[in-house]
Amino acid sequence: MMRRLLVFGMLAGFFAGLLAFGFASITGEPQVDASIAIEEASAPPPAPGEHAEEEVVSRSTQKGLGLAVATGVYGIAIGGLFAIACAVAYGRIGTGGMRPTAAVVAVTGFVAVAVVPFLKYPANPPAVGNPDTIDRRTGLYVVMVLVAVLAALIAAQVGRLVSARLGTWNAALAAAAVFAVLVTMAAVVMPVINEVPASFPAELLWRFRLASLGTQAVLWATLGLVFGPLAHRVLSPAPAPARQAGTLARADETRASSQATAPSAG
Amino acid sequence: MPDSASSSPAATPLAGGTARPLPLPLPLRDIVPWAVLAGALMLLGIYFVGSEEGAFSLIGGTWMHEFVHDGRHLLGFPCH
Ligand SMILES: [Zn+2]
């Protein structure tokens with residue numbers, strides 16, 4: 001059971017990673033290219049007799065295979081963790097099956113793993129950020145992700161505790177409120193990072209960050225919507241074929257009614 | 001009004017809504033071994049995409065960093 005859920009999570013994650021790759025290529029790569037152009041224009045020219053900095057990986061590989069492998073591996077890894085989270089949440093968070101459970105866990109994961117860290121430490125294009133502070137920035141970013149995930153777990157537990165008294169809907173509202181308070185407190189306490197050069201175009205930065213957030217949104221939305229039905233079939237195998245007859249009859253009805261209304265549209 | 005759906009015991013299961021029972025949870029002891037094993041592997045994958053040869057370096061060099069460079073930026077990780 002767990003093995004199949006994990007495999008389906010990784011499969012859904014890989015598919016989500018591929019869609020995220022497509023979205024990032026179209027919406028994000030123009031911004032990355034423009035930022036690299038700014039970075040190179042502001043770099044000091046190589047001294048005479050010295051070679052310009054050699055490319056370890058060509059730009060076309062970075063934009064193509066490199067981006068695809070990065071989003072693919074990231075998608076598979078997030079998909080695996082997502083499957084485990086859904087297995088734990090199933091039957092424990094007030095959702096009535098694996099499809100709604102996967103949807104709730106996907107929204108929660110997107111907010112905790114992507115949105116909250118992004119609001120505090122937003123994604124930066126090349127040419128933004130001092131290489132000397134990468135250790136500190138990486139550490140703070142990871143702490144922000146961990147704090148948001150921990151806040152989500154605490155919020156879920158609070159929701160479970162009050163659900164018997166308040167009902168599922170109000171318990172979900174209480175959990176959301178607990179999560180919002182916890183991550184807001186963390187975001188206020190954590191130090192500010194601002195390494196955007198004054199000369200960097202604000203509009204380019206905005207478009208890059210929007211593309212970055214959109215890439216994460218595509219990944220998590222696909223993950224939740226693809227994993228849900230797959231896991232649903234693992235946990236409750238398809239029932240009697242008798243349902244098919246009903247489905248067909250309903251399809252006929254729909255066709256008949258659409259034919260009836262069709263002339264009015266023309 | 002007295003014989004509305006909510007007061008009829010036979011109609012309650014069909015009505016769904018709040019009366020619908022939640023599915024049986026999967027036992028945690030079945031999940032934990034997988035969570036530990038796969039969790040570690042998945043986090044390693046995220047580490048290679050997100051931070052290898054950035055703030056940390058396990059295998060050294062810059063090839064890995066350069067290869068996943070665009071993904072690292074666009075997925076929101078601090079890169080350089
Ligand atoms: Zn970079």
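Just so you know, these numbers use all the heavy atoms, side chains as well, and skip hydrogens, waters and symmetry mates. Sequence lines set the chain letters: A, B, ... in the order given, protein chains first and strands last, and positions in each chain run from 1. Remember, predicted model here, so these are calculated numbers, not experimental data.
- In terms of heavy atoms, B/Ala38 sits closest to A/Leu6 at CB-CD2, 3.4 Å.
- Taking A/Thr71, A/Asn124, A/Leu219 one by one and counting their heavy-atom pairs under 4.5 Å with chain B, the maximum is reached by A/Asn124.
- At distances below 3.5 Å, at least one donor-acceptor pair connects side-chain atoms of A/Arg92 with backbone N or O atoms of B/Leu26.
- Here the side chain of A/Gln62 pairs no donor or acceptor atom with the backbone of B/Val68 at under 3.5 angstrom.
- Between chain A and the options B/Gly50, B/Gly76, B/Cys79, heavy-atom pairs under 4.5 Å are most frequent for B/Gly76.
- Atoms CD1 and NE2, on A/Ile36 and B/His69 in that order, are 5.5 Å from each other to the nearest 0.5 Å.
- Residue A/Leu5 touches chain B through its side chain alone, counting heavy-atom pairs closer than 4.5 Å.
- Atom OG1 in A/Thr138 sits 10.0 Å away from atom CZ in B/Phe77 (nearest 0.5 Å).
- Between the CD1 atom of A/Ile84 and the CH2 atom of B/Trp34 there is a distance of 9.5 Å, given to the nearest 0.5 Å.
- For chain B, the nearby parts of A/Val88 are the backbone and the side chain; heavy atoms of each come within less than 4.5 Å.
- Contacts with chain A were tallied for B/Asp30, B/Leu75, B/Leu24; B/Leu75 has the most, counting heavy-atom pairs under 4.5 Å.
- Ranked by heavy-atom pairs shorter than 4.5 Å toward chain B, the options A/Met1, A/Arg3, A/Met10 are led by A/Arg3.
- In this structure, A/Val69 and B/Phe67 have side chains that are in contact, with non-hydrogen atoms separated by less than 4.5 Å.
- Nearest heavy-atom pair across A/Pro126 and B/His73 is N-CE1, 3.5 Å.
- In this structure, chain B has no heavy atom under 4.5 Å from any part of A/Val142.
- A/Tyr90 touches chain B through backbone and side chain together, each having a heavy atom under 4.5 Å away.
- Interface check for chain B: of the options A/Phe21, A/Tyr121, A/Phe208, the most heavy-atom pairs under 4.5 Å are formed by A/Phe208.
- Of the listed residues B/Leu28, B/Thr62, B/Leu41, the one with more heavy-atom pairs under 4.5 angstrom with chain A than any other is B/Leu28.
- Residues B/Pro25 and A/Gly91 approach most closely at CG-O, 3.6 Å, considering heavy atoms.
- Heavy atoms of other residues, nucleotides or ligands lying less than 6.0 angstrom from CZ of A/Phe14 number 12 at most.
- If you tally non-hydrogen atom pairs under 4.5 Å between each of A/Glu29, A/Arg209, A/Arg136, A/Lys63 and chain B, the highest count goes to A/Glu29.
- Scanning both residues, A/Gly80 and B/Met42, for their nearest heavy atoms gives CA-SD, 3.9 Å.
- Atom CD1 in A/Ile134 sits 7.5 Å away from atom NE2 in B/His65 (nearest 0.5 Å).
- Contact annotation for A/Leu65: both backbone and side-chain heavy atoms come within less than 4.5 Å of a heavy atom of chain B.
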Pair B/Ile46-A/Leu81, side chain to side chain contact (heavy atoms under 4.5 Å, CB included): steps then yes or no
CA-CA 11 Å; B/Ile46 294 174; A/Leu81 296 175; 3.9 Å; yes
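- Around atom CZ of A/Arg207, more than 12 heavy atoms belonging to other residues, nucleotides or ligands sit under 6.0 Å away.
- Using a 4.5 Å cut-off between heavy atoms, B/Pro33 makes no contact with chain A at all.
- Scanning both residues, B/Pro23 and A/Gly97, for their nearest heavy atoms gives CG-N, 4.1 Å.
- Of the charged side-chain nitrogens involved, at least one lies within less than 4.0 Å of a carboxylate oxygen, so that A/Arg59 and B/Asp70 count as a salt-bridged pair.
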